[in-house]
S.K.: 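Just dropping this structure here.
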Amino acid sequence: MKWISLSRFSSKSVVFIFCCILVVPAYSQTVPLKLDGVSLKKVTLSEFLSQVQESSKFLNTKKLSVQSSLALQEAMGAANINPSLNISHGAFNESKASEYYSPRSNTFSLSFTVEAPGKRKARQDFASVEVSRAQLDFQVSEKAVRGDATFAFIDVLRLKLIWQALQNEKERLKLITDKDTATALQNNELFQKTTLNDFKYFSMGMNVFMGNSITELFEPVGSMDALPRNFNPLDYSETALARRNDIISLEAALRGAEASLNLTEKGRRIDLSPGVYYSRTAPYTQGTSVYQRGGTFGVSVSIPIPIANLYDGPLIAARNSVTQVELYLNDAKQRALIEVNQSLMQYTVAKTKLEEVREYRNKGLQNKSLATSNVVQQRANEIDFIDAQTNHLKALIIILRATGDYGLPNLN
């Protein structure tokens, strides 16, 4: 009778311990991650990217470049008339005038510039291209910063998930008492300490995008369980690859170089500087003759001699700039096709590895043994799974960027 009672007690104890082991992983997800001397601010990927876009000093400089190009556009496209007004008054005699002298007169002259045909249009085109280039540069920079910030977010999120996996292991080990438990707990403590230090280091990297103080760091919130995708390299022709940042930037640079060449060519044309003048002489007496107030007027045209046009250096340099950008653009398009295939190979390996790790991780979770070795192995499998998710997610973002798709997977 006592034996039966003891058996029932043992069975209830085993059930209780088993239930605790099942409950602990869910509970440890809510255990707060703490760092000495540092406050943590929880943030999702969308929230983090929104703050980066608002606070990034780098992006703010790009916005200022857009504003500067817009401010200069009107001035560069204005007519270059260069009006000039000249007033001459005199002459003044230092001593008493002799019998014959030049009478005092006032002369007013007005001159201006008549631009050669095509010059103003070339400046307008160049200013318009500069505005488009600055706006495009901001958009390209924004996509690049968002991508880099996402990688920083993923690195910190990975370490947080690893720390949670270690916390799960610790809570489960505390319910087990066998010969290997003490050693496993010591290893767990050391592993968690290293993970927390890495978390702090990489979390500081997230602050780089906004210049925040290192006394307040971000704690990413989310999941890295992105759905696998299928890619067909035949779908990514040069037309589709025209969405890539590097190709878009080089196409903008080519338009800028062509506009600069046109500006250089039109700038060699000769401007005219016509002018009109009016000279007024005050009444005066010379000897017995009395002269009344008089006035004269006339016109003039100034034609510069274009000595600078004897040298073709600026024109050759502008043409070479166009050729250089064309070569860079052609090379970028060829390189893009290669990078798509390389990133596809990388993603295929990462996706396959993720499925392999998921399979043996799920298989390991079916083992309900209360042994320390099983708990440690399940923790190791969980960390392998987190690393496989991280590699798959990064490889997915890389292939999307290689094909010109800068959308980001949902990590919420």
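By convention here, the first residue in the shown sequence is residue 1. Remember, predicted model here, so these are calculated numbers, not experimental data.
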S.K.: Among residues two or more places apart or on two chains, list those pairs meeting salt bridge (charged side-chain N to carboxylate O under 4.0 Å, His left out) that have a residue in residues 126-146.
M.R.: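 Every salt bridge (charged side-chain N to carboxylate O under 4.0 Å, His left out) pair that includes a residue of residues 126-146, provided the two are not neighbours, is Lys62-Asp137, Glu130-Arg133.
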S.K.: Could you tell me if the side chain of Val52 sits less than 4.5 Å from the side chain of Phe153, heavy atoms only?
M.R.: no
S.K.: Can Lys41 and Glu216 be counted as an ion pair, charged N to O under 4.0 angstrom?
M.R.: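 Looking at Glu216 together with Lys41, the answer is no, because their closest N to O distance does not fall below 4.0 Å.
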S.K.: From Ser260 OG over to Glu265 CD, what is the distance, rounded to the nearest 0.5 angstrom?
M.R.: 10.0 Å
S.K.: When you look at CG of Leu85, are more than 12 heavy atoms from neighbouring residues, nucleotides or ligands closer to it than 6.0 Å?
M.R.: yes
S.K.: What residues form a side-chain hydrogen bond (donor to acceptor under 3.5 Å, both in side chains) with Thr215, not counting sequence neighbours?
M.R.: Ser213
S.K.: Is there a donor-acceptor contact under 3.5 Å linking the side chains of Gln167 and Glu171?
M.R.: yes
S.K.: Is the shortest heavy-atom distance from the side chain of Asn207 to the side chain of Leu217 under 4.5 Å?
M.R.: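 Asn207 vs Leu217: side chains touch.
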S.K.: Can you spot which of Asp178, Thr183, Asp180 makes a side-chain hydrogen bond (donor to acceptor under 3.5 Å, both in side chains) with Thr372?
M.R.: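 Result for side-chain hydrogen bond (donor to acceptor under 3.5 Å, both in side chains) with Thr372: Asp178.
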S.K.: Any salt bridge between Arg158 and Asp387, counting N to O under 4.0 Å?
M.R.: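 Yes, Arg158 and Asp387 are salt-bridged.
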S.K.: Drop me the distance from Asn362's CG to Arg358's CZ, to the nearest 0.5 angstrom.
M.R.: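 Rounded to the nearest 0.5 Å, the CG-CZ separation comes to 7.0 Å.
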S.K.: What is the minimum heavy-atom distance between Ala242 and Ile248, and which atoms define it?
M.R.: O-CG1, 3.2 Å
S.K.: Between CG of Leu136 and OG of Ser132, what distance do you get to the nearest 0.5 Å?
M.R.: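 Output value for this atom pair is 8.5 Å.
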S.K.: Only counting residues at least two apart or in another chain, list the ones meeting side-chain hydrogen bond (donor to acceptor under 3.5 Å, both in side chains) with Thr107.
M.R.: Ser279
S.K.: Return the set of residues passing side chain to side chain contact (heavy atoms under 4.5 Å, CB included) with Asn82 (not counting sequence neighbours), or none when no residue passes.
M.R.: Asn80, Thr113
S.K.: On a heavy-atom basis, which atom in Met76 and which in Arg123 lie closest, and how many Å separate them?
M.R.: O-NE, 2.9 Å
S.K.: Determine whether a donor-acceptor pair (N or O, by modelled atom type, separation under 3.5 Å) exists between the side chain of Thr348 and the backbone of Leu344.
M.R.: yes
S.K.: Which residue pairs pass the salt bridge (charged side-chain N to carboxylate O under 4.0 Å, His left out) test with at least one member in residues 299-318, sequence neighbours excluded?
M.R.: Arg268-Asp312
S.K.: Under the salt bridge (charged side-chain N to carboxylate O under 4.0 Å, His left out) rule, collect the residues that match up with Lys200, sequence neighbours excluded.
M.R.: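 For Lys200, no residue satisfies salt bridge (charged side-chain N to carboxylate O under 4.0 Å, His left out) once neighbours in sequence are set aside.
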S.K.: Check this for me: does any side-chain nitrogen of one of Asp384 and Lys353 sit under 4.0 Å from a carboxylate oxygen of the other?
M.R.: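 So Asp384 does not pair with Lys353 through a salt bridge.
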S.K.: Between Lys170 and Glu189, is the closest basic N to carboxylate O distance under 4.0 Å?
M.R.: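 Counted as a salt bridge, because a side-chain N and a carboxylate O are separated by less than 4.0 Å.
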S.K.: Might you point out which heavy atoms bring His392 and Ala350 nearest each other, and give the distance in Å?
M.R.: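 Heavy atoms of His392 and Ala350 come nearest at CA-CB, 3.8 Å.
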S.K.: Under 30°, 30 to 60°, or over 60°: which ring-plane class applies to Phe108 and Tyr278, parallel, tilted or perpendicular?
M.R.: parallel
S.K.: Mark yes or no for whether Tyr347, through its side chain, and Arg229, through its backbone, hold a donor-acceptor pair below 3.5 Å.
M.R.: yes
S.K.: Taking the side chain as every heavy atom from C-beta outward, state whether Ile154 and Phe202 have any atom pair closer than 4.5 Å.
M.R.: no
S.K.: Taking all non-hydrogen atoms of both residues, which atom of Met210 and which atom of Lys57 are closest, and how far apart?
M.R.: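 Smallest heavy-atom distance, with atoms named: O-NZ, 3.6 Å.
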S.K.: When rounded to the nearest 0.5 angstrom, what is the spacing between CD1 in Ile386 and CZ in Arg361?
M.R.: 8.5 Å
S.K.: Check Asn245 against Ala144 and note the closest heavy-atom contact, atom names and distance.
M.R.: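 Asn245 and Ala144 have their closest heavy atoms at ND2-N, 4.0 Å.
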S.K.: Check Arg379, Gln377, Gln378 against Asn381 for a side-chain hydrogen bond (donor to acceptor under 3.5 Å, both in side chains) and give me the one that passes.
M.R.: Gln377
S.K.: CZ/Arg172 to CG/Asn374 distance, rounded to the nearest 0.5 angstrom?
M.R.: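 Between atom CZ of Arg172 and atom CG of Asn374 there are 7.0 Å.
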S.K.: Which heavy-atom pair separates Ile270 from Ala116 by the least distance, and what is that distance?
M.R.: O-CB, 3.3 Å
S.K.: Can you tell if the side chain of Ile399 reaches within under 4.5 Å of the side chain of Gln346, non-hydrogen atoms only?
M.R.: no
S.K.: In Å and rounded to the nearest 0.5 Å, what is the OH to CG distance from Tyr328 to Asp246?
M.R.: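 Taking OH in Tyr328 and CG in Asp246, the distance rounds to 14.0 Å.
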